[in-house]
Amino acid sequence: MISPFMLTLGCIQARDCALGNRPAGITTMDPAGYRAIDIDSRARRAMTFYKNKLEAVAEMLGAAGIDHPIRLNRRHV
């Protein structure tokens, strides 16, 4: 299973990485591949992804009546 973070960065799930063929250039060390990546855009996407993730977790904790993640335990799962 691919990481949601990799999708956020623009991975297209070509599943050809082991052969060195990374069409999106996300994990490549080949200069021709990584020059095509707009780092600022990908950084904003990653920041937005994690910001939204934290907001969703906070909303779920609030719905469960929990005011801090440290109070989360197995019975809440």
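In what follows, every heavy atom counts, from backbone to side chain, and hydrogens, waters and symmetry copies are set aside.
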- Note on the structure: CG (Asn73) and CZ (Arg71) are apart, to the nearest 0.5 Å, by 11.5 Å
- Message: Within the supplied structure, the quantity of interest is the number of heavy atoms (other residues, nucleotides, ligands) at a distance under 6.0 Å from Glu55 CD; does it exceed 12?
- Response: yes
- Please answer: with hydrophobic residues joined when any side-chain heavy atoms are less than 4.5 Å apart, are Val57 and Leu72 in the same cluster? yes
- Cluster question for you: counting only ILVMFWY and a side-chain heavy-atom cut-off of under 4.5 Å, with indirect links fine, are Ile66 and Met60 together? yes
